[in-house]
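Read through the structure below, which is laid out as structure tokens, and then see the notes.
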Amino acid sequence: MALIHLHLATGKIGRPGMGPFSLTGQPNAMGGRETGTMATLLPGHRNPNSEKDRSELAHLWGIPSLPERPGKTAVEIFDALAEGTIKAIWIACTNPAHSLPHLEHAVEALRRAEWVVLQDAWQDTETAPFADLLLPAATWGEKEGTMTNSERRISRVRAAVPPPGEAKPDWWIVQAFARHLGKALGIPERAERLFSFPTEEAIFLDYARTTAGTEIAIETLTYATLDQLGPQQWPFTSGQSQARPFSDHRFSYPDGKARFQTLDRSRLPEQIDARHPFLLITGRLRDQWHGMSRTGRIPQLFRHDPEPVVCMNRTDLERRGWHEGDLLRLRSRRGELILPVAAADEVRSGHLFLAMHWGRRSLSGEGSNALTLAATDPLSKQPHLKHAAVRVEKCNLPWRTVILRRSDHPDNPIEPLLQWQAALRPLVANFPYAALTLDEGRWPILRVTLAHSTPPEDELLERLASLLALSGPELLQYEDRSNHILKRARIAERQLTGILLSGETAAAHWLCEAIKNGTQTDTFHRWLFAPLAEPPLADLTSSRIVCNCRMVSETAIRSAVAAGADLERLQAELGCGTVCGSCLPEIRKITLEARAVQ
């Protein structure tokens, strides 16, 4: 709102290179708003509180009327589930048992629901255990349609592959249900008439006609036009796009004038205090997406951020005598979470940063939304997911276990890791801290990190090891029963393919590099079970990957900059930042830091 107000006050809306629209962070987020797939909107940006807008849509669809009251937003739906005023819920393509704020409340609402339908492409999300019925849905590359990007450009989307098994596109599932519901209600003919879309294009054309006379008018846009002219921006009238709306400074109100909104944002919904002195900020990682139901299956995407951490300003960390890797307990007024800490100079003193992606698929506890609050913005109804007041204390869990495992199947190296990860989740659920993540070098691996106040029971440890084929006479083993230390190594074709370290884990980081990169064990065999924090060989030294696409490390970039390379030369010689480009901001930052030191 503040950005929009600045543009309005200075007359810069509708001018080249200027404009605050659209502040969305997801593919097709604008498309969802255009089609009215929100409780606060109707198709064509129509207002559900407007009798005129409701009447026009009812006339277009040939129905008596539309509900006079808007539907409930996501947070309101789950409040109603918890109260029992909503009895059943149909969840499509989202994961509320991970993504909603005040997660304990959301999860309790799902437990109280009498009937939960989950329509998703994945059956192992955090929400899946609450589902009474799972409907397999086609995912992005398996279906047709359109999407609208953040510059209002509508593109055709074509399926790359057919949906697997019984999976169907979302529209097909909804339409089939509507027809069956019509029969159950005794109005089959009406249901057939209203839900008689044979293809995605038929649905698009029905939507397009609902935009007539609105600011996003595309009633003349068809698939044939998109195929012929390519992606087009709305509004699309007289056979062409209008690239720059509002250039005449006439806005979407009857009198053509814009409106300043009265904002009272002087206070956050939750303030820090003596008991909760830190402000927790949540956000995204560069290479992950939402609850990682898709991206969490791709080891390559963990190279940049391989494990969950809470980021703290280095001064705050040193002032408290804490060190990177220490486990911290974060407590808000709603829940708690245990995570290792990492120093981050870009985090302000008094603040913490936590990525929102990690959840019960990766941790023994909940993710960031165990801590967040369900207060919502009064205008947008967006939940206040970004800030929460928390207190932080060091967590005394001295007993650590690290298990690293590489697949034994070179032709299908990832699927066994996902199967192991799924099998381990119930076994590690009772550890105060457990992380199950993927990583990759030359080989993808599963990384298991456990922490407890006392040594785990021998039986549990053996079950964990057996699941990963880390038990048996063919393995190398070291055991110190008096100190509860157990170490095992699996070696195949002179390469380390698995390691279990329980009770003493100092060498875990460089052994991880050996497994990921397929280092020959001949070179470090004598140090395999040694309690060495520093790698015995330079080849086993790890460096954080900055460019995932080209596997370029921070060390390589800094060395090249020290030798005089600028960004153009880095791209030419190392290839970093030349594929997807998402690493370019970090490359520029490293380049500036390295030059400042010279």
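These numbers were taken from a predicted model, which means no experiment stands behind them.
For the residue pair His323 and Glu318, no side-chain donor N or O sits within less than 3.5 Å of a side-chain acceptor on the partner. Under 3.5 Å, the side chains of Ser349 and Asn313 contain no donor-acceptor pair of N or O atoms. At a cut-off of 3.5 Å, with distance as the only test, a side-chain donor of Asp79 or His105 sits close to an acceptor on the other residue. Gln382 and Thr376 share no donor-acceptor pair across their side chains, judged by distance under 3.5 Å alone.
Contact of the Leu511 side chain with the Leu496 side chain is registered, since non-hydrogen atoms from C-beta on lie closer than 4.5 Å. Annotation: side chain of Ser502 is not in contact with side chain of Lys487 (no heavy-atom distance under 4.5 Å). In this structure, Thr295 and Asp287 have side chains that are not in contact, with every pair of non-hydrogen atoms separated by 4.5 Å or more. For the pair Arg286 and Cys583, the minimum side-chain heavy-atom distance is below 4.5 Å. Residues Ile590 and Val546 meet the side-chain proximity criterion, which asks for heavy atoms closer than 4.5 Å. Looking at Pro299 and Asp439, their side chains never come closer than 4.5 Å, going by heavy atoms from C-beta outward. A 4.5 Å side-chain heavy-atom check between Leu363 and Tyr433 finds at least one atom pair inside the cut-off. Taking the side chain as every heavy atom from C-beta outward, Leu371 and Thr282 never approach each other to under 4.5 Å.
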| message | Let's go through Glu586 and Arg544 carefully: what are the C-alpha distance in whole Å and the side-chain angles of both, what is the deciding distance for salt bridge (charged side-chain N to carboxylate O under 4.0 Å, His left out) to 0.1 Å, and is it a yes or a no? | response | CA-CA 12 Å; Glu586 189 169 359; Arg544 193 169 59 90; 2.4 Å; yes

| Verdict with reasoning, Thr541 to Glu513, per side chain to side chain donor-acceptor pair (under 3.5 Å) | CA-CA 7 Å; Thr541 302; Glu513 293 301 306; over 6 Å; no

| Which is it for Ile298 and Leu438 under the side chain to side chain contact (heavy atoms under 4.5 Å, CB included) test, yes or no, and what are the steps along the way? | CA-CA 8 Å; Ile298 306 171; Leu438 305 178; over 6 Å; no

| field | Derivation of the salt bridge (charged side-chain N to carboxylate O under 4.0 Å, His left out) call for Glu336 and Arg391 | value | CA-CA 9 Å; Glu336 66 177 54; Arg391 68 176 183 266; over 6 Å; no

| request: Determine, stepwise, if the pair Leu486 / Thr401 fulfils side chain to side chain contact (heavy atoms under 4.5 Å, CB included). | output: CA-CA 9 Å; Leu486 176 65; Thr401 297; over 6 Å; no

| Can you check side chain to side chain contact (heavy atoms under 4.5 Å, CB included) on Ile89 and Phe78, steps first, answer last? | CA-CA 9 Å; Ile89 184 169; Phe78 276 76; 3.8 Å; yes

| task | For the pair Val347 and Leu352, evaluate side chain to side chain contact (heavy atoms under 4.5 Å, CB included) and give the outcome as yes or no after the intermediate values. | result | CA-CA 7 Å; Val347 175; Leu352 303 169; 5.6 Å; no

| query | Do Glu504 and Arg400 pass the salt bridge (charged side-chain N to carboxylate O under 4.0 Å, His left out) test, and can you show the C-alpha distance, the side-chain angles, and the key distance before you say yes or no? | reply | CA-CA 7 Å; Glu504 195 286 305; Arg400 304 292 178 91; over 6 Å; no

| request: Report the C-alpha separation of Arg360 and Glu126 in whole Å, then their side-chain angles, then the decisive distance to 0.1 Å, and conclude whether the salt bridge (charged side-chain N to carboxylate O under 4.0 Å, His left out) test is met. | output: CA-CA 6 Å; Arg360 279 206 173 271; Glu126 285 85 349; over 6 Å; no

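Within the model, atoms CG of Leu404 and CD1 of Ile515 stand 4.5 Å from one another, a figure rounded to the nearest 0.5 Å. Note that CG of Leu436 is 7.5 Å distant from CG of Leu450, once rounded to the nearest 0.5 Å. Rounding to the nearest 0.5 Å gives a distance of 12.5 Å between CG of Leu537 and CD of Glu534. Summarising the geometry, atom CG belonging to Asp377 is positioned 7.5 Å from atom CE belonging to Met1; distances are rounded to the nearest 0.5 Å. Within the model, atoms NE2 of His357 and OG of Ser99 stand 12.5 Å from one another, a figure rounded to the nearest 0.5 Å. Residue Met292 holds its CE atom at 8.5 Å from OG1 of Thr437, rounded to the nearest 0.5 Å.
The backbone N or O of Ala508 sits nowhere less than 3.5 Å from a side-chain atom of Thr505 that would complete a donor-acceptor pair. Checking side-chain atoms of Thr127 against main-chain N and O of Ala97 turns up a donor-acceptor pair under 3.5 Å. Judged by distance alone, with hydrogens and angles left aside, the side-chain atoms of Asn483 form no donor-acceptor pair with the main-chain N or O of Ile485 at under 3.5 Å. Of the possible donor and acceptor atoms, none in the side chain of Asn95 sits under 3.5 Å from a partner among the backbone N and O of Gly291. A distance-only check finds a donor-acceptor pair linking the side chain of His98 to the backbone of Met356 [under 3.5 Å]. With hydrogens and angles disregarded, no donor-acceptor distance shorter than 3.5 Å links the side chain of Arg463 to the backbone of Leu427. Between the Thr578 side chain and the Gly575 main chain, a donor and an acceptor come within less than 3.5 Å of each other.
Considering His387, His276, Arg334 as possible partners of Glu270, the one that fulfils the side-chain hydrogen bond (donor to acceptor under 3.5 Å, both in side chains) test is Arg334.
Contact record, Ala514 with Leu540: CB-CD2, 3.7 Å, taken as the closest heavy-atom pair. The shortest heavy-atom contact between Leu327 and Pro340 is CD2-N, 3.5 Å. Minimum interatomic distance between Pro432 and Ser364 (heavy atoms only, all atoms of both residues): O-OG, 3.7 Å. Nearest heavy atom pair, residue Gly71 against residue Ala39, reads O-CB, 3.4 Å. The shortest heavy-atom contact between Thr449 and Glu307 is OG1-OE2, 2.9 Å. Cys311 and Ala344 make their closest contact through CB-CB, 3.8 Å (heavy atoms, listed as atom of the first residue, atom of the second, distance).
Atom CD of Glu108 sits in a crowded spot, with more than 12 heavy atoms from other residues, nucleotides or ligands closer than 6.0 Å. In the displayed structure, Arg294 atom CZ is contacted under 6.0 Å by at most 12 heavy atoms of other residues, nucleotides or ligands. Atom CG of Asn430 is surrounded by 12 or fewer heavy atoms from other residues, nucleotides or ligands within 6.0 Å. By the 6.0 Å contact criterion, CZ on Arg348 is open, its count of non-hydrogen atoms from other residues, nucleotides or ligands being 12 or less. Enclosure of atom CH2 in Trp527 by more than 12 non-hydrogen atoms of other residues, nucleotides or ligands within 6.0 angstrom is indicated. Within 6.0 Å of the CD atom in Gln123, the count of heavy atoms belonging to other residues, nucleotides or ligands does not exceed 12.
The pair Arg112-Glu83 fails the salt-bridge criterion, with no side-chain N (NZ, NE, NH1 or NH2) lying under 4.0 Å from an Asp/Glu carboxylate O. Glu440 has no carboxylate O lying under 4.0 Å from a charged side-chain N of Lys516, or vice versa, which leaves the two without a salt bridge. For Asp273 and Arg333, the salt-bridge test passes: some basic side-chain N is under 4.0 Å from an acidic carboxylate O. By the 4.0 Å N-to-carboxylate-O rule, Arg320 lies too far from Glu393 to be salt-bridged with it.
Figure legend: Arg297 and Trp122 shown as a cation-pi pair, the cationic atom lying under 6.0 angstrom from the six-membered ring centre and within 45 degrees of its axis.
Classification of the Trp358-Phe302 ring pair by plane angle, with boundaries at 30° and 60°, yields tilted.
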